[in-house]
Each structure stands twice: as C-alpha cells, then as structure tokens.
Amino acid sequence: NIIIYGQTGAGKSSVINMIPGDPGNLAKVSNSARGVTDRATLYRKTIYGKTFNVWDTPGLNEGDEGGIEGKRAVEILHNLISSLANGVNLLVLVMRGPRINAFLPKNYDLLHNVICERKVPIALIVTGLDQEDDRRVWWDMNKGAFHQYGMYPQGHVCIS
C-alpha cells in the first residue's frame, strides 16, 4: 500500500496518472481553484511486473471553503491508514515547488512522525519545477532546507 498525500493542488492525482496502468482508470484531475479528490481512492498500478495499491487522497490545507474541509482530509488519511489490513508500505508526500511553505513540514510530520510513528518510509515528489534546467541540481541545492525542517525523505523525485 502506497499512500500519496500532500496539499491541494500539489499534483497528487497527476502523479498517480503518470504511473502505468489501466488507461480507463485514471485519477480525476482539475486545474480549478478547488481540489477534486474528496475521498481516498485506490488505483492498482503495475511497476516492473509487480502490482501495487496506490492510494490517492484528498488535499490537505485546502481550508473550510475548499472542496473538502482540512480536518476532514486529515481524518480520511488517518482512517485509511488505520483500515489497511496489510499496513502502509510507503508514504509519498507531493509538494508544489520550488518553495517550502509553512504547511509542508507540518504535513510531513503529521503522517510520517505522528500517525505512522516513523515506521513507514517516506518519499518526496516535488512538482512544478518547469523553470529548472536540471532538476537534480535543484534538489542538491535545496535538500539542506528540507533538513532544516526535519524532513529526511528516503527518496525524492523532482518533476515539472
């Protein structure tokens, strides 16, 4: 079980759609001002011949006027993690780059450190790096900022 989470508009559903799978079973995406994912949704994806349960989740920190209230999004995540009989194998935090905002370290801490008690590995996907010529260089230049916030992902990917 892989849980994809992060702020509203970070690109969680788009990331899921980048993973090969049934073309008729794509996560709903939108470029509207409000998020469209309002529940935890399972997508079965096959990578190198192995099938994974990939969970799309509502965006965090959308606010009371958004598609889903912030506390409800956290509740959905907590309920999902608690309900998975085989547990969680990987957390994937998706963020819109290039800047770390005030919510990102809190979202990292909430799932990785508090709910999953640091027992589940976490990876970071940074989206929105269209202006970067070499996204590897961006990570090398900025990983120290993540570390200053106590964020030490076991893996990372920087994409546009």
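Hydrogens, waters and symmetry mates are skipped; everything else that's a heavy atom, side chains included, is used.
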Any idea which heavy atoms bring [X] and [Y] closest together, and the distance?
{"X": "A73", "Y": "G59", "answer": "CB-O, 3.5 Å"}
{"X": "K28", "Y": "Y43", "answer": "N-OH, 4.1 Å"}
{"X": "I68", "Y": "T37", "answer": "CG2-O, 4.3 Å"}
{"X": "V29", "Y": "S13", "answer": "CG1-CB, 3.6 Å"}
{"X": "N17", "Y": "A27", "answer": "OD1-N, 2.7 Å"}
{"X": "D56", "Y": "K12", "answer": "OD1-CB, 3.9 Å"}

Decide yes or no on side chain to side chain contact (heavy atoms under 4.5 Å, CB included) for V126 and W138, but give the supporting numbers first.
CA-CA 10 Å; V126 184; W138 183 91; 3.9 Å; yes
Under 3.5 Å donor-acceptor, R96 side chain and G9 backbone:
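Judged by distance alone, yes, a pair lies under 3.5 Å.
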Name the residue from T8, L77, L104, L93 that meets the side-chain contact (heavy atoms from CB on, under 4.5 Å) definition with L60.
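With L60 as partner, side-chain contact (heavy atoms from CB on, under 4.5 Å) holds for just one option, L77.
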Should [X] and [Y] count as side-chain neighbours, where that means a heavy-atom distance under 4.5 Å?
{"X": "P105", "Y": "M151", "answer": "yes"}
{"X": "V92", "Y": "Y5", "answer": "no"}
{"X": "P20", "Y": "T46", "answer": "no"}
{"X": "T127", "Y": "S160", "answer": "no"}
{"X": "L84", "Y": "I3", "answer": "yes"}
{"X": "V74", "Y": "L110", "answer": "yes"}
{"X": "Q7", "Y": "V94", "answer": "no"}
{"X": "I159", "Y": "M18", "answer": "yes"}

Measuring from atom [atom1] of [X] to atom [atom2] of [Y], what distance do you get when rounded to the nearest 0.5 angstrom?
{"X": "F52", "Y": "I19", "atom1": "CZ", "atom2": "CD1", "answer": "9.5 Å"}
{"X": "I76", "Y": "S83", "atom1": "CD1", "atom2": "OG", "answer": "11.5 Å"}
{"X": "L91", "Y": "N107", "atom1": "CG", "atom2": "CG", "answer": "12.0 Å"}
{"X": "I100", "Y": "Q148", "atom1": "CD1", "atom2": "CD", "answer": "8.5 Å"}
{"X": "K106", "Y": "Y149", "atom1": "NZ", "atom2": "OH", "answer": "10.5 Å"}
{"X": "I115", "Y": "R118", "atom1": "CD1", "atom2": "CZ", "answer": "14.0 Å"}

Report the C-alpha separation of W55 and T41 in whole Å, then their side-chain angles, then the decisive distance to 0.1 Å, and conclude whether the side chain to side chain contact (heavy atoms under 4.5 Å, CB included) test is met.
CA-CA 5 Å; W55 293 90; T41 305; 5.9 Å; no
So does [X] have more than 12 non-hydrogen atoms from other groups sitting under 6.0 Å from [atom1]?
{"X": "Y152", "atom1": "OH", "value": "yes"}
{"X": "D140", "atom1": "CG", "value": "yes"}
{"X": "D133", "atom1": "CG", "value": "no"}

Are [X] and [Y] grouped together when hydrophobic residues (ILVMFWY) are joined by side-chain heavy atoms under 4.5 angstrom apart?
{"X": "L111", "Y": "V120", "value": "yes"}
{"X": "I81", "Y": "I2", "value": "no"}
{"X": "L90", "Y": "I16", "value": "yes"}
{"X": "L42", "Y": "L80", "value": "yes"}
{"X": "V137", "Y": "V157", "value": "no"}

Hey, are N1 and N86 close enough side-chain-wise for a donor-acceptor pair under 3.5 Å?
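The criterion, which ignores hydrogens and geometry beyond distance, is not satisfied for N1 and N86.
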Any chance you could lay out the side chain to side chain contact (heavy atoms under 4.5 Å, CB included) test for F146 and M95, step after step, and finish with the verdict?
CA-CA 12 Å; F146 290 89; M95 69 165 280; 3.5 Å; yes
Among residues two or more places apart or on two chains, list those pairs meeting ring pair (Phe, Tyr, Trp, His ring centres under 6.0 Å) that have a residue in residues 87-121.
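Every ring pair (Phe, Tyr, Trp, His ring centres under 6.0 Å) pair that includes a residue of residues 87-121, provided the two are not neighbours, is Y108-H112.
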Please collect all salt bridge (Lys or Arg N to Asp or Glu O under 4.0 Å) contacts where either partner lies in residues 75-92, sequence neighbours excluded, each pair once.
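Counting only pairs at least two positions apart or across chains, the salt bridge (Lys or Arg N to Asp or Glu O under 4.0 Å) contacts touching residues 75-92 are R72-E75.
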Which is it for K71 and E69 under the salt bridge (Lys or Arg N to Asp or Glu O under 4.0 Å) test, yes or no, and what are the steps along the way?
CA-CA 6 Å; K71 289 179 188 172; E69 192 259 331; 5.1 Å; no
Apply side chain to side chain contact (heavy atoms under 4.5 Å, CB included) to Q154 and I122, showing your working.
CA-CA 6 Å; Q154 281 77 28; I122 187 168; 3.4 Å; yes
